[in-house]
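Below you'll find the structure, written out as structure tokens, and then a few comments.
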Amino acid sequence: MLILDPTPIEAHFLRMTQYLNSADDLAALIPDGAQVAIAKPPLSPTAIAGAMIRRGIKDIHLITSPTQAYVADLLIGGGCIGLVETSGVSLGEIGPAPRFVAAVKSGALSIKDSTCPAVYAALQAGEKGQPFAPLRGLIGSEVLANRPDYKVIENPFEPGDDIVLLPAIRPDFAIIHAAKADRFGNVWVGGRHELKSLAHAAKQTLITVEEIVDEDLRLDEACAPNLISGLYVRAVAEAKQGAWPDAAPGHYPFDEDAVIAYGAQARTEEGFDTWLNDHILPAVAAE
Amino acid sequence: MLILDPTPIEAHFLRMTQYLNSADDLAALIPDGAQVAIAKPPLSPTAIAGAMIRRGIKDIHLITSPTQAYVADLLIGGGCIGLVETSGVSLGEIGPAPRFVAAVKSGALSIKDSTCPAVYAALQAGEKGQPFAPLRGLIGSEVLANRPDYKVIENPFEPGDDIVLLPAIRPDFAIIHAAKADRFGNVWVGGRHELKSLAHAAKQTLITVEEIVDEDLRLDEACAPNLISGLYVRAVAEAKQGAWPDAAPGHYPFDEDAVIAYGAQARTEEGFDTWLNDHILPAVAAE
Amino acid sequence: MTEVKLEERLITCIASYLDDCPHIAVGVISPIPGSAAMLAAERQGGKVSIIGSDHPKYRCDGGVELFDQAGQGRINAFFLSGGQIDGQANINLHGVGDYPEMKVRWSGAFGSGYLYFLVPKVILFRLEHSRRVFPEKVDFISSPGVSEPGVHRPGGPHALVTNLCAFSFDKAKGRFRLDSLHKGTTLEEVQDNTGFAFDMPEHVPQTPEPTDADLTLIQSDIADAIAGPYPKFARQVFGKAA
Amino acid sequence: MTEVKLEERLITCIASYLDDCPHIAVGVISPIPGSAAMLAAERQGGKVSIIGSDHPKYRCDGGVELFDQAGQGRINAFFLSGGQIDGQANINLHGVGDYPEMKVRWSGAFGSGYLYFLVPKVILFRLEHSRRVFPEKVDFISSPGVSEPGVHRPGGPHALVTNLCAFSFDKAKGRFRLDSLHKGTTLEEVQDNTGFAFDMPEHVPQTPEPTDADLTLIQSDIADAIAGPYPKFARQVFGKAA
């Protein structure tokens with residue numbers, strides 16, 4: 001019963017994981033202008049994104065690991081995002097991400113385009129605390145030509161062989177939705193190993209879960225290898241349906257109809273506002 | 001019942017995982033002079049190492065990920081190793097690794113000294129198929145001064161900031177012992193994530209397991225996120241007690257007494273030969 | 001025997017470019033290439049990985065593994081598409097007009113900026129064969145079809161399959177070559193709807209129709225298998241429930 | 001009250017250098033530093049990670065996580081030792097004589113070539129205080145105590161605790177300063193057995209003896225906890241079974 005079962009007061013003193021009441025309490029920790037990273041579906045952090053919109057957070061530098069769909073579009077439409085760094089934003093089979101497309105075209109949203117393994121590699125460099133990561137590919141693309149922050153060097157191990165170096169990404173915040181957390185800050189992510197890297201790379205991680213369980217997940221041999229340790233997690237809140245309309249495997253499937261409806265409605269700003277009024281803003285009243 | 005349940009003949013045709021009868025059959029696949037990587041205990045690949053000695057394999061370039069104990073000492077004493085690339089070889093609390101120490105001192109064994117995170121980072125670069133990995137630290141050490149294959153460059157993102165680049169490691173073979181495999185080439189490694197990186201970085205992986213199970217481990221949600229996929233595994237053989245005297249968690253603990261006895265006996269070449277006669281060479285006769 | 005569906009024709013056509021590919025990877029919104037990969041794997045034996053699939057047999061070990069495998073040389077074939085694809089096999093997944101505030105903006109590069117360089121056989125696939133989609137030059141090179149000598153590029157374009165025809169790509173020349181016309185397509189139709197110049201044999205053959213054995217496989221095992229990762233497609237094309 | 005054991009004295013002495021360290025990492029063969037880390041964590045709250053431990057509360061998430069955490073700045077303190085440690089806090093884990101065919105060969109650097117650079121408070125610990133162990137200059141710099149300006153080095157030596165005394169390390173000067181003498185040790189004894197020059201205050205105090213509260217903690221909770229990762233030590237020093 002040593003150090004790893006801290007009382008809530010000790011945990012707070014230590015800057016260990018805080019347990020908050022809602023996604024809104026989590027969103028309240030994010031200042032305007034912060035660098036915020038989110039992963040692709042399933043398990044998109046929809047509840048926190050909604051809370052960010054309700055709070056009116058501005059000028060976020062959004063990083064998608066490595067792509068995104070509904071949640072990125074929602075945050076963009078909701079006016080939270082100044083810059084998006086992404087390998088792709090779309091609603092998948094359903095079609096384009098309407099607020100993303102509109103905001104890029106109008107110039108309201110700055111964009112740093114990338115490619116999936118580059119985002120992963122840069123986050124993994126952040127996870128390792130190294131300043132950069134090398135990556136094959138990209139040379140000759142206009143993606144690279146538009147990323148002055150990516151450098152091309154001659155591979156020091158092979159003369160004449162050019163290679164791209166990506167600066168490490170260490171987001172101010174990773175925001176994640178997961179199936180379950182325990183009371184010691186540990187969050188189970190199953191086979192989504194990249195969610196661990198995201199939390200490790202980020203300075204702070206804020207997490208909503210479908211469920212907070214009483215047992216220590218580190219003691220459950222099936223869960224133990226696939227946890228984001230409490231050491232990385234600043235705060236957790238329960239948020240049932242917190243990934244909706246994206247899936248939370250084991251809890252609920254992708255709500256295709258909802259995203260089809262969103263995709264149609266959000267083609268106009270007015271339609272998007274109606275969506276916000278119907279699905280995002282009421283959560284405040286519900287508290 | 002599609003492609004992923006191949007018959008044995010299809011599996012062979014595909015160069016997918018072969019199921020062999022013994023560690024000796026696995027060792028027979030390793031040619032003299034190959035680069036062979038092994039991980040630190042627990043789950044050291046003792047059975048395969050013994051088979052390598054019985055086969056009289058020579059001039060192996062051994063890479064320890066990142067350190068080793070009994071098994072590396074055994075392979076060195078057994079005459080299999082020409083060069084060892086390691087962050088450390090010792091019997092831990094029990095004392096020095098006697099054949100390693102003797103072989104380095106005599107010059108019979110070439111050595112590339114490194115430091116644990118450098119070995120991990122170089123294997124992870126191999127896993128990613130990138131030519132090198134940057135790593136903080138090392139500058140000013142004589143470890144670095146004796147590794148001409150490590151390069152120091154100026155960080156292209158920060159003038160005046162020197163950093164080490166490590167060439168990627170892609171061993172010819174990873175040899176691994178694990179608790180269980182299924183019949184589709186999948187091997188469960190639990191929380192030993194670095195064993196996955198090792199298999200991914202290696203060109204071929206040879207694995208002994210305590211047990212081959214009938215169910216498809218990919219269908220077991222508790223195991224699925226922690227498998228070395230059959231795609232990486234050239235061949236598997238069952239070898240009960242295959243890590244002894246190192247531990248196989250869940251099967252048997254570290255046999256401290258055996259390693260104490262080894263540490264004492266292997267101080268002389270004669271004592272080591274007796275150890276081989278008592279513990280390693282008989283396995284041939286037993287077949 | 002019922003009439004062969006276009007989807008079935010495309011599946012066998014794509015599969016014909018996937019010989020000797022023990023590991024084929026597929027993006028999640030590519031049901032026709034996905035079915036072709038499964039058909040090729042069924043014929044030859046082999047493994048199919050589908051990005052984002054949660055099906056235990058097709059899924060990857062997290063988001064990163066597939067890219068790492070491409071870097072390791074462990075993926076033999078992959079599929080890409082493009083809002084525009086030009087005669088040098090440059091692909092554009094970003095949009096039309098001047099970057100970044102483009103007149104039309106698409107999703108972005110996804111994995112193409114890497115996989116197009118690393119995977120030996122990349123099959124380009126597009127169901128709209130038009131001059132809009134196949135211009136002489138793309139507006140934005142999301143990923144180039146060919147690279148300067150010295151650029152590390154074990155991979156690249158291998159073929160382009162459309163609703164009208166199939167091309168292979170000659171990496172040395174940096175040009176497409178028309179391999180075959182799908183049943184019902186004329187050479188003129190292809191020429192009229194293609195904005196770039198391409199090579200062709202003196203006589204352009206018809207794309208081989210699926211064999212009965214292929215059709216049986218597609219309509220049974222593959223339709224079943226595809227219903228997991230691509231329920232909508234399986235429903236619409238094969239009438240299969242997930 | 002029974003007599004204070006040397007181990008208990010060393011545990012509290014080391015813990016006194018671990019203020020404001022919410023995350024302390026320990027190598028697997030370091031039971032005294034491990035106990036000190038647990039004591040410090042128990043006093044302040046905090047987490048202890050033990051390399052190679054399979055105890056669910058102390059283990060790391062695979063072999064790599066702890067090094068990554070050091071790179072991220074998430075480890076506040078770590079412990080190192082050396083076959084030789086010199087006055088500039090250079091450590092030698094490789095051997096005596098000319099590299100590589102050394103007269104005496106030790107294990108190798110383990111994680112020191114990285115952690116000594118990245119972890120802010122590295123406590124050096126050695127139970128043999130002798131001129132052989134503490135020479136003026138090490139035979140081989142496995143990891144240097146100080147770095148040139150411009151070298152990225154957020155971490156480095158913080159203190160050196162031996163069976164005789166405790167030093168802190170002044171990074172600016174690159175020199176040790178004698179902080180305290182353990183009970184029963186004289187200044188002459190330290191000077192006679194130290195091969196390098198060091199600073200000291202005018203009056204060198206005695207290392208504070210463990211308080212009753214510390215001893216109670218060490219002999220109960222910590223002895224229980226240490227029996228997991230360090231069964232041999234717990235058995236020998238506290239008579240505890242794992």
Side-chain angles (χ1 to χ4, degrees), chain B residues 39-42 64-67 86-93 96-97 100-107 109-118 120-121 123-124 135-146 155 158 160-163 189-197 247 249 256, chain D residues 28-31 51-52 54 56 59-68 70-71 90-95 97 99-118 138-155 230-233 242:
Chain B
K40 68 177 188 179
T64 69
S65 171
T67 59
T86 188
S87 303
V89 179
S90 86
L91 302 181
E93 272 187 291
F100 163 75
V101 165
V104 173
K105 282 164 66 172
S106 76
L109 177 68
S110 301
I111 185 157
K112 285 179 156 185
D113 271 292
S114 189
T115 187
C116 300
Y120 284 138
L123 284 164
Q124 288 176 310
L135 193 78
R136 293 301 193 184
L138 279 172
I139 293 173
S141 73
E142 289 182 68
V143 172
L144 179 62
N146 285 283
N155 174 0
E158 199 181 324
D161 175 36
D162 285 351
I163 187 163
V189 295
R192 289 288 298 273
H193 310 298
E194 67 276 16
L195 295 182
K196 282 176 155 182
S197 291
E256 197 181 6
Chain D
V28 78
I29 62 162
S30 312
I51 295 180
D54 57 2
R59 73 180 164 205
C60 306
D61 186 23
V64 179
E65 186 194 33
L66 191 126
F67 301 109
D68 287 357
N90 296 309
I91 61 174
N92 176 4
L93 292 154
H94 284 84
Y99 186 89
E101 296 168 27
M102 303 176 111
K103 275 191 307 188
V104 177
R105 166 75 205 199
W106 298 318
S107 60
F110 282 76
S112 66
Y114 187 72
L115 297 174
Y116 208 28
F117 289 79
L118 274 299
V138 293
D139 282 35
F140 185 88
I141 300 177
S142 300
S143 201
V146 291
S147 294
E148 298 292 312
V151 172
H152 179 84
R153 186 158 194 180
Y230 306 112
K232 201 168 157 187
F233 177 82

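Side chains included, hydrogens not; waters and symmetry mates left out as well; all remaining heavy atoms used. Here is how names work: the chains are called A, B, and so on, in the same order as the sequence lines, proteins then strands, and each is numbered from 1.
Contact annotation for B/Gln124: only side-chain heavy atoms (C-beta onward) come within less than 4.5 Å of a heavy atom of chain D. Contact of B/Asn155 with chain D is not made at all, since no heavy-atom distance falls under 4.5 Å. Looking at D/Val64, the atoms closer than 4.5 Å to chain B (heavy atoms on both sides) sit in the backbone and in the side chain alike. When heavy atoms are compared at a cutoff of 4.5 Å, B/Thr86 does not approach chain D at all. Residue B/Ser110 does not touch chain D at all, counting heavy-atom pairs closer than 4.5 Å. With a 4.5 Å cut-off on non-hydrogen atoms, B/Ser106 touches chain D through its backbone but not through its side chain. Within the 4.5 angstrom heavy-atom criterion, no atom of D/Tyr116 approaches chain B.
Considering CD of B/Glu194 and CG of D/Asp61, their distance stands at 9.5 Å, rounded to 0.5 Å. To the nearest 0.5 Å, the span separating CG on B/Leu144 from OG on D/Ser142 amounts to 12.5 Å. The CD1 atom of D/Ile91 sits 10.0 Å away from the OG atom of B/Ser141 when rounded to the nearest 0.5 Å. Distance check, rounded to the nearest 0.5 Å: CD1 of B/Ile111 to NE2 of D/His94 gives 7.0 Å. Note that OG of D/Ser112 and CG of B/Leu138 are 9.0 Å apart. Values are rounded to the nearest 0.5 Å.
Taking chain B as the reference chain and counting heavy-atom pairs below 4.5 Å, the highest number among D/Gly71, D/Gly95, D/Gly108 is found for D/Gly108. Of all the listed residues (B/Glu256, B/Arg136, B/Glu93), the one sharing the greatest number of non-hydrogen pairs under 4.5 Å with chain D is B/Arg136. If you tally non-hydrogen atom pairs under 4.5 Å between each of B/Asn146, B/Asp161, B/Val189 and chain D, the highest count goes to B/Asn146. Contacts with chain D were tallied for B/Gly88, B/Pro117, B/Ser90; B/Pro117 has the most, counting heavy-atom pairs under 4.5 Å. For the set D/Gly63, D/Gly52, D/Gly62, D/Ser147, the count of heavy-atom pairs under 4.5 angstrom toward chain B peaks at D/Gly63. Contacts with chain D were tallied for B/Asp113, B/Thr67, B/Leu91; B/Asp113 has the most, counting heavy-atom pairs under 4.5 Å.
Of all heavy-atom pairs between B/Val104 and D/Pro100, the closest is CG1-O, 3.4 Å.
Side-chain contact between B/Thr115 and D/Phe117 is absent, with no heavy atoms from C-beta onward closer than 4.5 Å.
Between the side chain of B/Lys105 and the main chain of D/Glu101, no donor-acceptor pair closer than 3.5 Å is present.
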Steps toward side-chain contact (heavy atoms from CB on, under 4.5 Å) verdict (D/His152, B/Ile163): CA-CA 8 Å; D/His152 179 84; B/Ile163 187 163; over 6 Å; no
